[in-house]
Amino acid sequence: MELTGTRFVFDVPAGWRAQPRDPDRDVVVATAGESLTGPAPQAVLREWRLKSSSWHTLANVSQVSIAELTQTGAVLHVEAIPDERAEPVIGERRRLWAFSAPKMPGTDDSAGLLIIRDLLVTGKAAAELTVTTPLAT
């Protein structure tokens, strides 16, 4: 299945289903059909139009994303990954690895969540693909 935004497309596992799109936001969500523990795995694609991009655009987008992730969890790792689809002056995308343990509704239990977020800047657009999956031992 493909998760299709207005400017970007990403593959998600077969059997996942897309949720209805909000026409007022550049956000597309796909969710796994089931979960063994806690919330179902999901992928969220967010997109932004940029007035312009330069060598520091990806760094700025990354800093905003890291600040957002640290509000609910801990950022474990940040990777710079070479990517030919990225803006040529940037030449890479960023992957952020984070962990969160929010309380599950109606219980005193916490669900361990692994969050993997890829950030890509191309031309005058930026994409953020976030995959969240529960962790179990």
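Reckoned from all heavy atoms, side chains included, excluding hydrogens, waters and symmetry mates.
- Side-chain contact between L50 and V121 is present, with at least one heavy-atom pair separated by less than 4.5 Å.
- L69 and I116 fall into different hydrophobic clusters, where Ile, Leu, Val, Met, Phe, Trp and Tyr side chains are chained together by heavy-atom contacts under 4.5 Å.
- We find the NZ-CZ distance between K124 and R49 to be 10.0 Å, quoted to the nearest 0.5 Å.
- Atom CZ of F10 sits about 6.0 Å away from atom CG of L45, to the nearest 0.5 Å.
- Annotation: the span from L96 atom CG to S62 atom OG amounts to 6.0 Å, rounded to 0.5 Å.
- The side chain to side chain donor-acceptor pair (under 3.5 Å) check on T130 picks up R117, with sequence neighbours excluded.
- Distance check: I90 CD1 to W55 CH2 gives 10.5 Å after rounding to the nearest 0.5 Å.
- Taking the side chain as every heavy atom from C-beta outward, I115 and S100 approach each other to under 4.5 Å.
- The salt bridge (charged side-chain N to carboxylate O under 4.0 Å, His left out) check on R95 picks up D118, with sequence neighbours excluded.
- Grouping Ile, Leu, Val, Met, Phe, Trp and Tyr by side-chain contacts under 4.5 Å, direct or through others, puts V29 with V27, V44.
- Among pairs with a residue in residues 56-66, none fulfils salt bridge (charged side-chain N to carboxylate O under 4.0 Å, His left out), at least two apart in sequence or across chains.
- Interatomic distance, L120 CG to R85 CZ, rounded to the nearest 0.5 Å: 6.5 Å.
- For the residue pair T57/E87, the side-chain donor-acceptor check at 3.5 Å is not satisfied.
- The side chain to side chain contact (heavy atoms under 4.5 Å, CB included) test applied to Q63 returns I66, not counting sequence neighbours.
- In this structure, L119 CG and E128 CD are separated by 5.5 Å, a value rounded to the nearest 0.5 Å.
- Looking at residues two or more places apart in sequence or on another chain, you find no side chain to side chain donor-acceptor pair (under 3.5 Å) involving Q42.
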